[in-house]
Amino acid sequence: DQKRSQRGTVGVFSEVLHEQIRQEQYLCEHLRHAIARSEMSVHYQPIMCSQQQRISSVEALLRWEHQGEQISPTDFIPLAERSGLIIDIGTWVLNRACIDASQWNFENSIAVSVNVSINQLIDDTFISILQRALDTSSLSPSLLHLEITESVFAKNEKAVATQLAAIKALGVKISIDDFGTGYSSLSRLASMPCDFVKIDRSFVQNTSEGSDTIMRATMLIAQEFGCKTIAEGIETNTQMLHIKSLGVNYFQGFYYAKPMQSSDLITWYNENY
Ligand code: C2E
Ligand code: MG
Ligand code: MG
Ligand code: MG
């Protein structure tokens, strides 16, 4: 009896697994064609300077609308990474973002910050893809920032350092994303040339003393290495005032604006400035 019920549990378990695999294969098949079918778009979320409370850059965030439904990047980006599709998808985002940014013509020039996955970053073709995106769009390299998640620094240390140096040589700036969540050692950070450190929203939204301590420590480290700090996920005035009192340089979050398509960003800018 016990044996049978064990087998039953395993049976249910493997059915759930199979369902997950089917689901993933289904999504992957559609992800493969998403760009060609014009299901992908890039939205832009303002990043504000904490002093003047003016927009200084935007983060490019990929959106996928499939059969009338929005699929979250937190669901499909990992899939794109596992399947190798991230190279083509990431190249498309980079080109789209550079072209959009080069066409904005805002009164103050605004940088665009593009998320880059580790598989893209360490691919042999990445630097030439980057160079081509800049050439095609004529975007000034200093107006392009690349966001790299902190967790990737633990692996591929040599390859990452080489690529970051090549990116910097082009005049493109580097942000470390989700800082504080990736457990990278401080000595490793010292060898990575970065311009911005993005404090993860889990710290911004947590009101505990420990969270503040981590943010203060992050600020000290960032300053020591000559990096500016950006706080992600600011949703309320209270959070903004608190983060401001810590001396963070830039703010990003729903409190200011949600990610918007390029035409809506232009409207938003004209309404606010
Ligand atoms: P991320 O790079 O840390 O991006 C910030 C995420 O926080 C975005 O989620 C943004 O919409 C969200 N966010 C911004 N302000 C607030 C706020 O005030 N409250 C809350 N709750 N959330 C806020 P999104 O667009 O769903 O993207 C999720 C993640 O997917 C990104 O995290 C990034 O890791 C990845 N991702 C998005 N687009 C791309 C892309 O083009 N390439 C790559 N490789 N990854 C991407
Ligand atoms: Mg990011
Ligand atoms: Mg982030
Ligand atoms: Mg984050």
Side-chain angles (χ1 to χ4, degrees), residues 31 34-35 39-48 55 57-65 69-101 111-123 126 129-130 133 144-153 163 173-182 194-206 215 218 229-240 242-243 248 250-262 264-265 268:
L31 190 56
I35 290 172
E39 296 177 351
M40 292 283 186
S41 61
V42 181
H43 284 205
Y44 300 96
Q45 185 181 33
I47 296 173
M48 314 293 289
I55 183 172
S57 60
V58 291
E59 179 172 6
L61 294 158
L62 186 55
R63 294 292 176 260
W64 181 20
E65 189 181 321
E69 248 184 279
Q70 284 289 336
I71 301 176
S72 167
T74 50
D75 292 329
F76 71 80
I77 291 288
L79 194 61
E81 285 170 345
R82 280 199 294 278
S83 61
L85 291 171
I86 193 67
I87 305 284
D88 285 346
I89 293 173
T91 302
W92 182 82
V93 173
L94 188 62
N95 279 298
R96 186 72 260 156
C98 288
I99 290 168
D100 284 343
V112 67
S113 195
V114 178
N115 292 284
V116 174
S117 292
I118 179 70
N119 300 344
Q120 265 179 286
L121 178 70
I122 63 173
D123 194 82
F126 185 69
I129 287 171
L130 184 59
L144 178 61
H145 303 175
L146 300 181
E147 297 196 6
I148 298 154
T149 302
E150 187 212 337
S151 59
V152 313
F153 289 72
Q163 291 298 74
K173 294 184 177 162
I174 295 163
S175 293
I176 302 185
D177 209 351
D178 307 322
F179 192 83
T181 61
C194 71
D195 301 280
F196 301 95
V197 167
K198 297 190 81 169
I199 301 169
D200 193 67
R201 77 161 179 266
S202 55
F203 301 110
V204 171
Q205 297 182 345
N206 189 324
M215 285 198 281
T218 302
T229 44
I230 303 170
E232 309 182 310
I234 296 180
E235 292 182 357
T236 66
N237 188 255
T238 310
Q239 282 169 355
M240 184 275 283
H242 179 64
I243 298 299
V248 176
Y250 300 93
F251 302 151
Q252 179 182 4
F254 297 163
Y255 175 66
Y256 294 99
K258 292 203 165 169
M260 311 168 252
Q261 59 184 48
S262 184
D264 291 338
L265 177 71
W268 180 91

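When a ligand or atom number is given, it counts from 1 through the structure's own listing order. On a predicted model such as this, the values are computed, not experimentally measured, just so you know.
Salt bridge status for Arg201 with Glu235: absent, with no side-chain N to carboxylate O gap under 4.0 Å.
Taking the N/O/S atoms of Asp178 in turn, the shortest distance to the Mg ion (ligand 3) belongs to OD1. The Mg ion (ligand 3) sits nearest to atom OE2 when only the N, O or S atoms of Glu232 are considered. Nearest N/O/S atom of Asp177 relative to the Mg ion (ligand 3): this is OD1. Take the N/O/S atoms of Glu59: the one nearest the Mg ion (ligand 2) is OE2.
Coordination check, Glu147 versus the Mg ion (ligand 2): passed, since an N/O/S atom of the residue sits under 2.8 Å. Here Asn115 meets the criterion, with an N, O or S atom under 2.8 Å of the Mg ion (ligand 2).
Here the side chain of Asp200 pairs no donor or acceptor atom with the backbone of Gly180 at under 3.5 angstrom. Between the Asp195 side chain and the Ile174 main chain, a donor and an acceptor come within less than 3.5 Å of each other. The backbone N or O of Thr91 lies less than 3.5 Å from a partner atom in the side chain of Asn95, making a donor-acceptor pair.
Looking at ligand 1, you'll find an N or O of Ser117 within less than 3.5 Å of one of its N or O atoms. Looking at ligand 1, you'll find an N or O of Asp177 within less than 3.5 Å of one of its N or O atoms.
For atom 27 (O) of ligand 1, the nearest non-hydrogen atom from the set Pro73, Pro46, Gly253 belongs to Pro73.
The proximity of Asn115 to ligand 1, defined as any non-hydrogen pair under 4.0 Å, involves the side chain as well as the backbone.
With a 4.5 Å cut-off on side-chain heavy atoms, Phe196 and Lys173 count as touching.
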